[in-house]
Amino acid sequence: MKFTLILAAAASIVAAAPGAELVQRSTTDQLVARAAGRNKFTKPNVRIPKASNANNTEVEYSGNWAGAVSIGSGYNKVVGTITVPKVSGSRGAAASAWVGIDGDTCQTAILQTGISFYADGTFDAWYEWIPDYSYSFSGFSVKVGDKITMEVDASSKKAGVAKLTNASTGKSVSHTFSSSSTPSSLCETNAEWIVEAFQENGSQVDLADFGTVTFTGASATGSSGTITPANAEILDISPDGGETVYTSCSASGSTVKCTYTG
Ligand SMILES: *[C@@H]1O[C@H](CO)[C@@H](O)[C@H](O)[C@H]1NC(C)=O
Ligand SMILES: *[C@@H]1O[C@H](CO)[C@@H](O)[C@H](O)[C@H]1NC(C)=O
Ligand SMILES: *[C@@H]1O[C@H](CO)[C@@H](O)[C@H](O)[C@H]1NC(C)=O
């Protein structure tokens, strides 16, 4: 079954994804409507000087994305390793951490893979090529403390691989997208390391307290070679353009760090 999602380009948060018509296919091939790109605000993006981090002089607020976005060209590979956090929060609260290509200034596609954390202690390891929904990897049961390397590698703007690897054991799962099945073309202009309050069942989840998520070994390969997120744009999650802020993220060297601030 094919769904068409309207991408939320500079639209309101509620417009990001349909949900009521979602079906669960099976436990190993599960459809989850994850956020269709970054939710921006209807007013221009808010940029506020972030004095505490000399390398990232401004922060931008998003309704659903926290982390780092490098804007460039020819990005075809993004990697980063996280340690799976213990999360808490109200019933249904959740967050996901992922690496990806596009979805910020390029609103037509995202190739991404990551892990969702739920306040009930469960996890979901997934891959996605927006505007299709995300699919869960099977046979990859993540738990708190696992070190997981995330990688997306686009062989063209219409094809690529999403891969998660247990950094302790080398065990990996991957999904190959072929050009005949991808629902959109990448722009290859955004490389991302993101913690997200994603969409599920038609609405944005309450952001769980994820403590700190740190992407280490973060890099992106683009047309000017391999870069780190050191000079990336930093995003924090705020539902109201910066009055209430739920995260504090920074990037330095090949590390992107996001802390839940409540
Ligand atoms: C989404 O719906 C499914 C099926 O009803 C449910 O198991 C799951 O907990 C819901 N997710 C959230 C975040 O509420
Ligand atoms: C990763 O490796 C660790 C150490 O062997 C193991 O405890 C954990 O269950 C593994 N997780 C996955 C998802 O393979
Ligand atoms: C800025 O970047 C340099 C070089 O990567 C690093 O040594 C330094 O710690 C960074 N400063 C901050 C405040 O993150």
Side-chain angles (χ1 to χ4, degrees), residues 24-35 65-68 77-89 91-101 103 110-130 132-154 160-177 191-201 205 207-221 229 247 249 254-260:
Q24 270 186 284
R25 298 212 295 204
S26 75
T27 51
T28 55
D29 190 13
Q30 192 174 2
L31 285 168
V32 179
R34 210 163 303 282
W65 285 19
K77 183 174 176 179
V78 182
V79 300
T81 299
I82 69 153
T83 298
V84 175
K86 184 169 167 42
V87 305
S88 58
R91 196 187 150 99
S96 66
W98 53 266
V99 301
I101 297 171
I110 314 179
L111 166 57
Q112 54 182 170
T113 190
I115 295 168
S116 297
F117 329 118
Y118 294 85
D120 67 2
T122 60
F123 298 98
D124 178 35
W126 52 268
Y127 60 88
E128 179 166 25
W129 191 305
I130 277 181
D132 197 358
Y133 291 145
S134 72
Y135 295 83
S136 299
F137 283 115
S138 55
F140 200 69
S141 302
V142 172
K143 61 177 171 38
V144 173
D146 282 2
K147 256 184 100 173
I148 307 293
T149 299
M150 305 174 171
E151 175 182 330
V152 287
D153 192 347
V161 176
K163 184 175 175 185
L164 297 178
T165 304
N166 186 332
S168 307
T169 61
K171 181 192 166 169
S172 67
V173 283
S174 64
H175 177 80
T176 300
F177 296 92
E192 290 126 4
W193 302 265
I194 298 294
V195 177
E196 178 175 19
F198 57 90
Q199 298 267 338
E200 186 165 311
N201 300 338
V205 296
L207 186 64
D209 179 351
F210 56 83
T212 296
V213 168
T214 306
F215 292 89
T216 58
S219 72
T221 305
T247 61
C249 300
S254 58
T255 299
V256 175
K257 185 174 171 182
C258 284
T259 299
Y260 176 85

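These numbers come from the heavy atoms of this one structure, side chains and all, not from hydrogens, waters or symmetry mates. Order of listing sets the numbers, starting from 1, for every ligand and every atom in it.
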Open item on the list: As a test of understanding, state which of Val173, Val142, Thr149 forms a side-chain contact (heavy atoms from CB on, under 4.5 Å) with Leu164.
Closed with: Val173
Task: Thr83, Ile115, Thr81 screened by side-chain contact (heavy atoms from CB on, under 4.5 Å) with Ile148, the one that passes - done: Ile115
- [ ] Could you give me the CA-CA distance, side-chain angles and deciding distance for Met150 and Trp193, then say whether side-chain contact (heavy atoms from CB on, under 4.5 Å) is met?
- [x] CA-CA 10 Å; Met150 305 174 171; Trp193 302 265; over 6 Å; no
Open item on the list: For the CD1 atom of Ile82 and the NZ atom of Lys147, what is their distance to the nearest 0.5 Å?
Closed with: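 The CD1 atom of Ile82 sits 11.5 Å away from the NZ atom of Lys147.
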Open item on the list: I need the Ser96 OG to Trp65 CH2 distance, nearest 0.5 Å.
Closed with: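 Rounded to the nearest 0.5 Å, the OG-CH2 separation comes to 10.5 Å.
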Output, or 'none' if empty, a list of ligand 2-protein atom pairs in which both atoms are N or O and the distance is under 3.5 Å, rounded to 0.1 Å.
residue  : atom   : partner : partner atom : Å
ligand 2 : 2 (O)  : Asn166  : OD1          : 3.2
ligand 2 : 2 (O)  : Asn166  : ND2          : 2.4
ligand 2 : 7 (O)  : Lys143  : NZ           : 2.9
ligand 2 : 11 (N) : Asp146  : OD2          : 2.9
ligand 2 : 11 (N) : Asn166  : ND2          : 2.8
ligand 2 : 14 (O) : Asn166  : ND2          : 2.8

TODO: Could you verify whether a donor N or O on one side chain and an acceptor N or O on the other, from Thr255 and Thr216, lie under 3.5 Å apart?
DONE: no
